[in-house]
Structures are given as C-alpha cells and as structure tokens.
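When a residue number appears, it is its place in the shown sequence, counting from 1.
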Amino acid sequence: AVVSTQSTGEIGGEELLETTTPHGSLRRALHKFTKRLLKENPRVMMETEQGAPLVSTLLLLLHRTEGKALVQLKEVLLNSFSQKETEYPGFEKFGALPAVVLDSKSSFVIQSLIKVLSKEELQELYRKELKSLIVPLSLHPVGNYTVQTLLECAPGKAAAEEIVTQVVGILEDLLAESATGVVVTSIKACHRYSLSVDVVGELRKAFHLPDNDTTLLFRCLMSMTTHDVLLEKMEAAKKPTQSGKPRRDRFEATLIGSLILQAIFSYGKIDQLEEGVCGLSEDHIVYLCTNVQSSHAIQAFLSSLTVPSSAKHRFIKSAAFVMDKLAVTAPGSHIVEAAWIAADTELKATIAQVLVDKEQAVRGCKHGAIVWRNCHLKEFRTGGVQAVEDSERRKKRKMEQFLDL
C-alpha cells in the first residue's frame, strides 16, 4: 500500500513512512530484499516506472531501521552521480549534468536519498556533485525538484544561503520558465534558516519596479506582470468603452503569483507589500478573496504569525463592509473566518454587524451558515461583542478540557 501511494503521488505515503518503524519479520524481510536488490542493478531499476517508487520507499523504510543494508544502498545510489548527461537540449552550455537527476523517475529516488542522508553525507554530496550545478538544475524541468529537496534538507545555513543566492540571481529566468517551486522553496528557506538574502528586493528588480514605487509590487506579483506592462493595462482601463461606459480596472490573479505571495507572507517580509495589500479597493478585495487562486494568498496574509497585527487590521478595515459578499462563497468564507480571528474587538463588532444586517443571505447558503456559527453571530445578535467573546471563551475552555482527557 505504501509503494502504491508513493508511485501515484497521492498525499499520505511519505507521512506514513516518517512514522513507521519496521520491526521483527518486516525488518528482516526488508534487509533480505535489499540484499537481493543489490545483487541486481538498482541504478537500472530506479529508471523504471515500477522500480523508482519501490527503491524510494525502501530507502525511507530502511532509514527507520539503520544498519548495513541502508549503508550499502546509499553507496550504490551516490555512485550513480558519476553517470553524466552531456546532450540535454538547451543545457549544453552548462556541460555534463548528472543523468540521475534529469530523469523524472530516478530523480524521485534521489529526492528520497537526500532526505535520508546524514548531515555529513549530504554536505559531501552537495560539495562534490551539486554545488556547481544549482543554476542549470533550477532551470531544468525535472532537475529543479532536486534543488527544492536540497533546500528543504540543506546541510546547514551556509549551504542554504549559497543555494538561495544562486537562485535569486536567475529569478527572471525562473519566472519566465514558470519554475515557481524553486522560488517558493527559496523564500521558505530564508525563513527557516534566517538568511540575509533579500528575496523580495530581488523580486522587485525582476519585475522592473522603480525604487520609489511602494504600491504595485503586490499587484505585479499576483498577476505575474512586469511594472511597465501593468501600468499600460491600468491606463487602458481608464479609457471608456465605445459606448461611453467606464471600464472596470480588472485585477488579474495567477496561481504562480499566489504561491509566491503565500511564501512571502509566511516569511513575514511585507514592508514592500503592505501598501499594495491594504490599499486595495473593495471591488478588488471581493475579486481576490473569492478567487480560488488568489484567496489562498489573502488567507496566508491574515493567518501569518509573522505579519504584524497592525497590517492585518488595516486590511480588515478596508474589507469589513464587503464581508457579506465574501461569506457566501467557498473561498471568501475562509477569508471572513481568518479576518475574524485576526480582528480586535472593534473590528469584530463591525464585521458582525455587516453580516447580521445580511442575515438572510448569509444563512441562506452553506458557506455563510458555517461563518455564522463559527463567528458566534447568534450570540452577537442577542448580546453584542461581549456575548461573542464569552461564547469563544467557553468554547476554548471546552477544547482545553477535552485535550486534557
């Protein structure tokens, strides 16, 4: 079952392996199977659709047991880096690259290998084989997954900073190739290792924003549009239609932009984004909060532990009077609940009043009904904010008592 989950890419397989320690007959069977595998050719097996998830799963399970079998299997896989690929189209200028990280199947095994190597072994692999190849691998459609895994399991802060520094040097190329994963993982690495690399500043340069512009970075990132092109679109939106009616300034949201912004908000580096988020019009707020892609970025902003409460409150004040429109949609209902948690007493009263005024519409759909319950609006209608806070305290007490059982 574990092998099947790994091969199909479904969620849950790796989490299961991380908490599974083989004992007794299973452990003996794994070691026996590994010996049999080593007599064959693991390097050939890891290049097949059935063999790659098998070898990957075996690595992760053996890692829970330690022992000679794991050492031997890791040695064989590390030696596979000696086989180079010199004719990959478009990458000739980088010279020979390890074939094992360019193939989609064997790369899957290498990612598992990186996760089970000791800090010393990973440092050696990075220094000998990967350090000089970060740029080409980041740009490669398959190789970039190895770079992402390396960032997640970096052998130390120095190595992480070296990798991120190389990545930000090619940000424009990565964004042009839609290699978002490496960019997002680099931002998360800055947070995890407290790196000094200014990724947000480098993103400003990649999108050609002038130093004095403090409002359009958020919009450029969300729409994945450079500063010059965005200004042209905004100017075009000011011109009336042929019938004389004003055009709406449409806000474009992209999945790639949303993913990058989610990582930045989790990182807490919002100095250059706060004006763009908190200065949104109500029309744009409704669009972004009800869009299935961009709503995740807004939710990350409101839920982040590193974004200052003052910034969250600024946004909530701008969004408070459209909360009824958000509450009746699936993405928007999550925004309302995140805003409710982040709001102070005064803002909660404002949000609650807006929703209570539209009670029939809010409670008339399943998403709104959930918001009504979770925000304790029944109590607000009868006893105001004080009743809501009392209800929340009772709920919290019950949860604490349940957890103490």
Compare every heavy atom of Ala263 with every heavy atom of Lys188, then report the nearest pair and how far apart it is. CG-CB, 4.4 Å
Which residues pass the salt bridge (Lys or Arg N to Asp or Glu O under 4.0 Å) test with Glu120, sequence neighbours left out? none
Between Cys220 and Thr226, is the side-chain contact (heavy atoms from CB on, under 4.5 Å) condition met? List the steps. CA-CA 6 Å; Cys220 286; Thr226 60; over 6 Å; no
Give a yes or no on whether the backbone of Ala52 and the side-chain of Ser56 come within a donor-acceptor separation of less than 3.5 Å. no
Heavy-atom count around Glu346 CD within 6.0 Å, excluding the residue itself: above 12? no
Is there a side-chain contact between Leu261 and Leu273 (heavy atoms, below 4.5 Å)? yes
Evaluate the side-chain contact (heavy atoms from CB on, under 4.5 Å) criterion for residues Ser80 and Ile110: first the C-alpha distance (whole Å), next the side-chain angles of each, then the deciding distance (0.1 Å), finally the verdict. CA-CA 10 Å; Ser80 66; Ile110 296 305; 4.3 Å; yes
Are the side chains of Thr149 and Lys115 in contact, using a 4.5 Å heavy-atom criterion? yes
Correct closest heavy-atom pair for Gln293 and Leu255 would be OE1-N, 3.4 Å
Can you pull out every ring-ring contact (aromatic ring centres under 6.0 Å, His included) where at least one residue sits in residues 36-60? Sequence neighbours excluded, please. none
Is there a donor-acceptor pair closer than 3.5 Å between any side-chain N or O of Ser223 and the backbone N or O of Ala253? no
Regarding Ser295 and Gln299, is there a side-chain donor-to-acceptor distance under 3.5 Å anywhere? no
Residues in salt bridge (Lys or Arg N to Asp or Glu O under 4.0 Å) with Lys366, at least two apart? none
Straight-line distance of Leu203 CG to Ile264 CD1, nearest 0.5 Å: 5.5 Å
Would you say Thr306's side chain and Ser266's backbone share a donor-acceptor pair under 3.5 angstrom? yes
Quick one, Thr146 with Ile114, criterion side-chain contact (heavy atoms from CB on, under 4.5 Å). Give me CA distance, side-chain angles, the key distance, then yes/no. CA-CA 8 Å; Thr146 298; Ile114 289 173; 3.9 Å; yes
Output for pair (Ser304 OG, Tyr267 OH), nearest 0.5 Å, gives 12.0 Å
Thr215 OG1 to Gln272 CD distance, which is reported to the nearest 0.5 Å: 12.0 Å
Salt bridge (charged side-chain N to carboxylate O under 4.0 Å, His left out) pairs, two or more places apart, involving residues 197-212: Glu202-Lys205
Determine the minimum heavy-atom distance between Gln262 and Ala297, stating which atoms define it. CG-CA, 3.7 Å
Positive for side-chain contact (heavy atoms from CB on, under 4.5 Å) with Pro136, one of Ile134, Leu133, Leu139: Leu133
Closest contact, heavy atoms only, Trp372 versus Lys378: NE1-N, 3.7 Å
Can you tell me how far the OG1 atom of Thr225 sits from the CE atom of Met234, to the nearest 0.5 Å? 11.5 Å
Scan the side chains in residues 165-176 for donor-acceptor partners under 3.5 Å anywhere in the protein, sequence neighbours excluded, and list what turns up.
residue	atom	partner	partner atom	Å
Thr165	OG1	Glu161	O	2.6
Gln166	NE2	Lys131	O	3.4

Does the Asn144 side chain pair with the main chain of Pro141, one donor and one acceptor, at a distance under 3.5 Å? yes
Criterion side-chain contact (heavy atoms from CB on, under 4.5 Å) on Glu275 and Phe218, from CA distance to verdict: CA-CA 8 Å; Glu275 290 301 321; Phe218 172 75; over 6 Å; no
Within the 3.5 Å criterion, strictly below it, is a donor on Glu75 or Asn79 matched to an acceptor on the partner's side chain? no
Could you measure the distance from the CG atom of Leu150 to the CG atom of Leu122? Nearest 0.5 Å is fine. 6.0 Å
Show me the donor-acceptor pairs, under 3.5 Å and distance only, between side chains in residues 316-326 and residues at least two apart or in other chains.
residue	atom	partner	partner atom	Å
Ser318	OG	Cys278	O	3.3
Ser318	OG	Arg314	O	3.3

Side chain to side chain, Ile298 and Phe315, heavy atoms closer than 4.5 Å: yes
Between the side chain of Glu359 and the main-chain N/O of Leu355, is any donor-acceptor distance below 3.5 Å? no
How would you list, by chain and number, every residue that makes a side chain to side chain contact (heavy atoms under 4.5 Å, CB included) with Ser309, sequence neighbours excluded? His313
Using side-chain heavy atoms (C-beta onward) and a distance below 4.5 Å, is Phe207 in contact with Leu230? no
Just how far is it from atom CD1 of Ile351 to atom SG of Cys375, taken to the nearest 0.5 Å? 7.5 Å
Do Leu231 and Leu216 come within less than 4.5 Å of each other through their side chains, counting heavy atoms only? yes
Over all heavy atoms of both residues, which pair between Cys190 and Val199 is shortest? Give the atoms and the distance, please. SG-CG2, 3.5 Å
Salt bridge (Lys or Arg N to Asp or Glu O under 4.0 Å) involving Glu252 - partner list, sequence neighbours excluded: Lys233
Contact check, side chains of Val109 and Val100, non-hydrogen atoms, under 4.5 Å: no
Would you say the side chain of Leu113 lies within less than 4.5 Å of the side chain of Leu117, judging by non-hydrogen atoms? yes
Can you sort out the partners of Gln72 under side chain to side chain contact (heavy atoms under 4.5 Å, CB included), two or more places apart, ordered by chain and number? Leu38, Lys68
Minimum heavy-atom distance between Ser186 and Val182, given as atom pair plus value: OG-O, 2.7 Å
Any Val101 side-chain heavy atom under 4.5 Å of His140 side chain: no
Please determine whether the number of non-hydrogen atoms from other residues, nucleotides or ligands lying under 6.0 Å from atom OH of Tyr145 exceeds 12. no
Using modelled atom types only, decide if a donor and an acceptor are shared between the side chain of Ser333 and the backbone of Ala330 within a distance under 3.5 Å. yes
Decide whether His208 and Asp228 meet the rule of one side-chain donor and one side-chain acceptor closer than 3.5 Å. no
Run the numbers on Ser118 and Glu121 for side-chain hydrogen bond (donor to acceptor under 3.5 Å, both in side chains), then give the verdict. CA-CA 5 Å; Ser118 67; Glu121 290 170 331; 3.2 Å; yes
Identify, with sequence neighbours excluded, every residue that meets salt bridge (Lys or Arg N to Asp or Glu O under 4.0 Å) alongside Glu379. none
Set of residues satisfying side chain to side chain contact (heavy atoms under 4.5 Å, CB included) with respect to Glu152, sequence neighbours excluded: Thr185
Sequence neighbours excluded, the answer for side chain to side chain contact (heavy atoms under 4.5 Å, CB included) partners of Glu337 is Ile370, Val371, Asn374
